[in-house]
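Heads up: the structure comes next, in structure tokens.
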2 protein chains.
Amino acid sequence: MADGPTITTIAERAGVSIASVSRVLNGLPTRQETVRKVMAAAEELGYVRNAVARSLKSRRTHQVAFAMADVGNPAYLAMLRQIQPVLKSAGYRLVLHSTDAVVADEIDVLHSLGERYVDGLIMSPLRVTEQHLDMLAAARAPVVIIGSVPEGTPVDNVRADSRTGVKLAIDHLYRLGRRTIGMVNGPTDTVPGAARGAAYREALEDLGLPYDEELVEIGDFYRAEGGRAVAALLERRPDVDALMCANDLIALGALDVLRAAGRRVPHDVAVAGMDDTDLAAASWPSLTSVSLGSAERGKAAAELLVDRLKNGDREPRRVTVPPRLAVRASTTGEEPAPYQAPGAERGTP
Amino acid sequence: MADGPTITTIAERAGVSIASVSRVLNGLPTRQETVRKVMAAAEELGYVRNAVARSLKSRRTHQVAFAMADVGNPAYLAMLRQIQPVLKSAGYRLVLHSTDAVVADEIDVLHSLGERYVDGLIMSPLRVTEQHLDMLAAARAPVVIIGSVPEGTPVDNVRADSRTGVKLAIDHLYRLGRRTIGMVNGPTDTVPGAARGAAYREALEDLGLPYDEELVEIGDFYRAEGGRAVAALLERRPDVDALMCANDLIALGALDVLRAAGRRVPHDVAVAGMDDTDLAAASWPSLTSVSLGSAERGKAAAELLVDRLKNGDREPRRVTVPPRLAVRASTTGEEPAPYQAPGAERGTP
DNA sequence: AAAGAGACTGTAAACGTTTACTGCGTGTGC
DNA sequence: GCACACGCAGTAAACGTTTACAGTCTCTTT
């Protein structure tokens with residue numbers, strides 16, 4: 001691991017100046033003879049350009065950061081998977097930040113843009129605080145936010161439409177004849193929690209169904225707690241015939257609890273999730289789920305950032321990705337025969 | 001996004017030299033009055049250290065790369081999730097490379113270490129070629145390989161023990177009374193495919209069971225093709241009473257096909273997967289699966305690398321992570337009553 | 001009161017590139 | 001045969017830090 005060769009080493013070896021070496025390496029017009037000598041020397045020495053020195057001079061690092069709460073979350077993972085190839089083919093490396101949904105960590109990331117170790121940032125904050133907005137206005141590098149920011153924030157912005165997404169699912173349940181549709185939500189002080197809760201209410205109103213607080217239960221966004229929330233809801237309203245779950249994990253918890261309670265899915269209770277993760281297709285019964293287009297949002301964000309990095313200043317853009325409903329067995333039970341929900345004879349009391 | 005302040009700006013503002021500014025910023029002994037002036041100036045100007053210039057001088061980037069085939073693969077994701085916090089708390093940023101299992105891309109990553117944009121690399125190659133070994137010997141930064149490398153390769157190395165892992169599962173199936181145990185494998189020209197295939201054979205021999213080629217089917221490592229492989233195997237050997245699947249996706253495909261064929265799991269056919277991904281717990285019936293300790297391997301790799309970066313030269317180390325069998329319903333069917341496999345009355349012909 | 005010690009501070013070089021500028025040599029046009 | 005243009009190559013500065021070294025100032029000691 002001895003010190004690698006530099007352009008100085010090459011220059012000496014080839015008997016030319018470092019400027020010539022640099023020019024050859026960058027393909028600037030140079031006499032053939034010089035090119036040959038430099039290339040030969042570089043080859044022999046196994047020279048590789050020092051990216052750090054290069055960045056210092058050129059003021060570009062060819063790195064982009066992606067900051068989200070947790071790679072383990074399938075929605076962020078879906079984004080990441082789309083972001084990566086876009087950046088790679090545009091010649092950027094990807095620096096990954098996990099903020100664990102801690103605001104201070106997100107602010108830290110924004111602050112660290114001042115260190116200039118990346119050319120730009122894609123960030124998907126759980127919620128956008130005043131402090132976020134201040135930092136965004138002062139950001140030292142282009143930022144793309146995945147999520148909603150107020151009108152006029154000077155950053156590119158990619159958003160989902162969870163309102164329409166929830167409506168898609170509720171309409172679907174309504175068309176299937178369900179009229180007592182419960183909602184199992186995560187904390188309503190998070191951006192997605194608040195949006196999905198409000199959307200549920202609106203969707204019901206649009207359909208002329210009454211909004212009934214008894215049909216709403218709040219837990220967190222995970223399977224076990226989601227299951228507990230469903231159990232509480234079932235206890236209170238045994239007549240519920242459909243559940244709108246704020247994400248797929250909650251919906252899996254719902255399936256667990258319904259199964260344990262001997263309720264057939266979808267015969268007795270139809271279940272819809274959100275985010276359309278891998279788990280939705282893998283579960284049994286497979287889960288009808290609203291995709292909020294995480295993958296598309298990731299891709300759009302990466303493309304916006306690359307465009308801005310290449311083309312410099314332009315007006316901030318906003319992209320809204322439409323939701324899509326993936327209909328599966330947990331609402332329609334229309335998969336081939338053996339995929340029907342288990343017969344009722346096996347239920348607990 | 002005007003040019004940010006540098007130590008020169010601060011020096012002028014505070015009326016001191018850039019050396020003093022640097023010293024204050026690095027906490028070297030300095031007169032109180034100077035500290036005060038510098039800090040005040042830095043504060044007012046919103047100064048942030050330039051990481052690139054710092055790296056150039058100090059020859060450390062405080063970045064580490066992680067290269068694997070595909071973040072979408074749950075095994076790599078599990079590694080990533082453990083690697084990230086270890087690096088973060090040691091003060092390193094994470095650069096993520098997806099190589100799509102293309103050897104040339106992996107070689108590229110090794111080569112790019114010469115650019116010195118990272119202090120070290122964690123790599124999990126699909127297979128290790130001669131070329132890999134050459135590059136590893138010449139690597140310009142410390143590398144930790146997750147996977148097996150020949151004795152004497154000058155890198156730290158973390159490996160799984162898929163041989164023992166397969167054996168755990170086969171022994172488990174045997175103890176449950178299964179004697180006709182099929183294997184659904186991925187391509188045997190991959191490292192995991194070859195290892196798992198051989199381990200299956202050995203495990204049978206250890207138990208005194210005959211090895212029968214008819215009971216082995218090769219597909220790829222994904223759900224649909226895994227299902228097709230299982231269908232072919234079932235056709236050939238309808239008497240099979242257990243399936244060892246080379247990963248969880250194949251096992252999910254097996255569940256699909258068995259269900260469609262009216263075979264009860266685990267009553268008629270017990271199914272075991274490998275990797276113990278999230279999907280294993282989410283599926284129905286939940287999937288018995290061998291964990292090869294991806295998470296632990298990721299953690300160990302990160303710790304080895306951090307140790308080497310802090311402590312410089314030492315002998316290469318090797319860590320082997322033991323496998324663990326996660327027993328679930330697809331083999332024992334012993335979850336609470338409603339978790340039993342669906343009754344047989346609903347099978348197709 | 002002079003010398004020496006000690007505490008800070010400033011100057012300048014270095015990290016490895018890129019690039020503006022200058023200079024040299026060749027070939028062309030008159 | 002001379003001026004000029006032009007194509008290349010070399011010198012040196014710059015990017016923003018860190019740090020070795022030397023210099024200044026103050027305080028203590030004799």
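Each chain gets a letter, A, B and so on, in the order the sequences are listed, and its residues count up from 1.
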Margin query: Can you confirm whether B:Leu25 sits close enough to B:Tyr47 that some side-chain heavy atom of one is under 4.5 Å from a side-chain heavy atom of the other?
Written below: yes
Check: Counting side-chain heavy atoms from CB outward, which of D:dA9, C:dT9, C:dT19 is closest to A:Arg31?
Finding: D:dA9
Notebook entry, point to check: If you pin B:Ala53 and A:Leu25 to their nearest nucleotides in DNA chain C, which one's is more 5'?
Noted result: B:Ala53
Notebook entry, point to check: Is there a donor-acceptor pair closer than 3.5 Å between any side-chain N or O of B:Asp70 and the backbone N or O of B:Gly72?
Noted result: yes
Check: Between C:dT18, D:dA9, D:dT18, which nucleotide has the shortest distance from any of its atoms to the side chain of B:Asn26?
Finding: D:dT18
Notebook entry, point to check: Can you find a side chain N or O atom of B:Arg49 that sits less than 4.0 Å from OP1 or OP2 on D:dT17?
Noted result: no
Next item on the list: By nearest nucleotide on DNA chain D, pick out whichever of A:Ile18 and A:Thr30 is the more 5' one.
Entry: A:Thr30
Next item on the list: Would you please confirm or rule out a distance under 4.0 Å between OP1 or OP2 of C:dC15 and any side-chain N or O of A:Asn50?
Entry: no
Item checked: Between P of C:dT9 and CD of B:Gln32, the distance in whole Å -> 10 Å
Note to self: What is the separation between atom CD1 on A:Ile10 and atom P on C:dT18, rounded to the nearest whole Å?
What the structure shows: 11 Å
Check: Does a side-chain N or O from B:Arg59 land closer than 4.0 Å to OP1 or OP2 of D:dT18, or not?
Finding: no
Next item on the list: Answer with base, sugar-phosphate or nothing: what part of the nucleic acid does A:Ser55 contact at a heavy-atom distance below 4.0 Å?
Entry: nothing
Note to self: With a cut-off of less than 4.0 Å, is there a side-chain N or O of B:Ser22 near OP1 or OP2 of D:dT17?
What the structure shows: no
Note to self: In this structure, how many angstroms lie between the C1' atom of D:dC15 and the CG atom of A:Leu56, rounded?
What the structure shows: 4 Å
Check: Distance check: side-chain N/O of A:Ser17 vs OP1/OP2 of D:dT11, anything under 4.0 Å?
Finding: no
Note to self: Please report the distance, rounded to the nearest Å, between CD in B:Glu115 and P in C:dG16.
What the structure shows: 15 Å
Margin query: I need the CG-P distance between B:Leu28 and D:dT18, as an integer number of Å.
Written below: 9 Å
Item checked: B:Tyr117 side-chain N/O to C:dG16 phosphate OP1/OP2 under 4.0 Å -> no
Margin query: Within a 6.0 Å radius of atom NZ on B:Lys299, are there more than 12 heavy atoms belonging to other residues, nucleotides or ligands?
Written below: no
Next item on the list: Answer with yes or no whether B:Arg23 presents, from its side chain, a donor or acceptor under 3.5 Å of a partner atom in the base of C:dG10.
Entry: yes
Note to self: Please report the distance, rounded to the nearest Å, between NZ in B:Lys57 and P in D:dT19.
What the structure shows: 7 Å
Margin query: Heavy atoms only, 4.0 Å cut-off, all strands: where does A:Val52 land among base, sugar-phosphate and nothing?
Written below: nothing
Note to self: With a cut-off of less than 4.0 Å, is there a side-chain N or O of A:Arg54 near OP1 or OP2 of D:dC15?
What the structure shows: no
Item checked: B:His97 and B:Tyr117 aromatic ring geometry - parallel, tilted or perpendicular at 30°/60° bounds -> perpendicular
Checklist line | Minimum-distance nucleotide (side-chain atoms of B:Val16 versus D:dT17, C:dC15, C:dG10) | finding: C:dG10
